[in-house]
Amino acid sequence: MKKVMVLLLVLMVTGASFIFANGATEAPATATSAPAKKLIVVGYAQVGAESDWRTANTESFKSTFVEANGYKLIFDDAQQKQENQIKAIRNFIQQDVDYIVVAPVVETGWETVLGEAKAAGIPVILSDRQMKLSDDSLYTAWVGGNFLKEGQDGVKWLNDYVAKNGLANKDLNMVLLQGTIGSSAQVGRTQGITEGIAKNPKYHLLAKQTGEFTQAKGQEVMESFLKAYPKIDVVFAENDNMAFGAIDAIKAVGKVPGKDIIIISFDAVHEAFNKMIAGELNADVECNPLHGPRVAEIIQKLEAGQKVDKIMYVTEGSFDTTNAKEILPTRKY
Ligand code: GZL
């Protein structure tokens, strides 16, 4: 009898200690329960935080590469400095991430560090801007906007505007606010814009200068243009934040942006639609920043052993004062 009592007592204590030990009441997970799936670790070397476009691009990555989607994101903001991006890539290699994603601030100077990533067996995906490389095996895929076409589309809009408004016989003086010199967005847009201007003898490009894709620098350069040139008819701004700066500079000298001076911009961020609705910005060529899901799709294909396209252009539109109001509610950035 005693043995039975002792046995019962032991069972009760063991059971109780089991309940208190892990605080649970149900049986522990059995050894056969599936282990948690390993997260895919992605290192993203971002350019910086220079523009509304960049903010939307960062948000797109941070909302896509989350644990719930099976990822761990290591994010680095290079503050628009190539040496910081190179440092970030080396860091990602040291941490042996599964994928390195880069939005290269400029096109050149990447061969060595991408060679190190290749030697470490880590695939590199380029997003947004492009790199100039002698060996394209140094990266797996690129997804982004067609910057040359964007520049061409900006001039196409102006040509249509001139024809529709009876300005074909008028000499038009133009200035160009360029993005970060040497970035593929600047190189492509500048080529598209300047080649388009050169085709029309009535179009006169007075000056071009970088505003670093920022509003402050864009305003500063536009102020200098307004001082140097008494008659400016058209401004091309290679991104919206520089266009916003130019609008402020034009207002400060008592002129009406969008009327006295036509402004054509690139990116088509939310605030640019507000400016077009207000008539202060005439036209905007889209450059879509929402690359997070696009890069995730590339990674999922690679994980599944599928081939991916080397170059993927994003479809982009153009907008102006005639359709900005109806389109704004549909915009995602
Ligand atoms: C374009 C992107 C450019 C945007 C700017 O893909 O690289 O950089 O046009 C941003 O707004 O700063």
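What you see below is based on every heavy atom in this structure, not just the backbone, and it leaves out hydrogens, waters and symmetry mates. Whatever order the structure lists ligands and atoms in, that order sets their numbers, starting from 1.
By heavy-atom distance, the residue among Glu212, Gln186, His291, Arg129 lying nearest atom 3 (C) of ligand 1 is Arg129. With atom 2 (C) of ligand 1 as the reference point, the heavy atom nearest to it among Thr55, Val105, Asp128 is part of Asp128.
Below 4.0 Å from some heavy atom of Cys287 lie the following atoms of ligand 1, by number and element: 1 (C), 6 (O). Atoms of ligand 1 found under 4.0 Å from any heavy atom of Ser51, numbered from 1 in the order shown, are 5 (C), 10 (C), 11 (O), 12 (O). Residue-ligand proximity, Asn239 to ligand 1, at heavy-atom distances under 4.0 Å covers atoms 5 (C), 9 (O), 11 (O). Distances below 4.0 Å separate heavy atoms of Phe147 from the following atoms of ligand 1: 1 (C), 6 (O).
Residues Arg54 and Asp128 are paired through a salt bridge, judged by an N-O separation under 4.0 Å between the basic side chain and the carboxylate. Between Asp233 and Lys170 there is a salt bridge, since a side-chain N of the basic residue sits under 4.0 Å from a carboxylate O of the acidic one.
One hydrophobic cluster, built from ILVMFWY side chains closer than 4.5 Å, cannot hold both Leu206 and Phe236; they sit in different ones.
Considering backbone and side-chain atoms together, Arg189 places an N or O closer than 3.5 Å to an N or O of ligand 1. Between Trp53 and ligand 1, no pair of N/O atoms sits closer than 3.5 Å.
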Next on the checklist: Is there a side chain to side chain contact (heavy atoms under 4.5 Å, CB included) between Phe225 and Leu177? Walk through the geometry before answering.
Outcome noted: CA-CA 10 Å; Phe225 285 161; Leu177 295 170; 3.8 Å; yes
Next on the checklist: Between Phe273 and Phe319, is the ring-ring contact (aromatic ring centres under 6.0 Å, His included) condition met? List the steps.
Outcome noted: CA-CA 8 Å; Phe273 277 82; Phe319 312 98; 5.1 Å; yes
Item to check | Working for side-chain hydrogen bond (donor to acceptor under 3.5 Å, both in side chains), residues Asn200 and Asn159 | outcome: CA-CA 9 Å; Asn200 186 330; Asn159 294 340; 4.7 Å; no
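With respect to atom 4 (C) of ligand 1, the closest heavy atom belonging to the protein is Asp267 OD1, 3.4 Å. If you check which protein heavy atom lies closest to atom 12 (O) of ligand 1, you get Glu50 OE2, 2.5 Å.
Contact analysis leaves Gly145 out of contact with ligand 1, as no non-hydrogen atom separation drops below 4.0 angstrom.
Tyr313 has its ring centre less than 6.0 Å from the ring centre of Trp142.
Counting heavy atoms from C-beta on, the side chains of Val102 and Arg129 never come closer than 4.5 Å.
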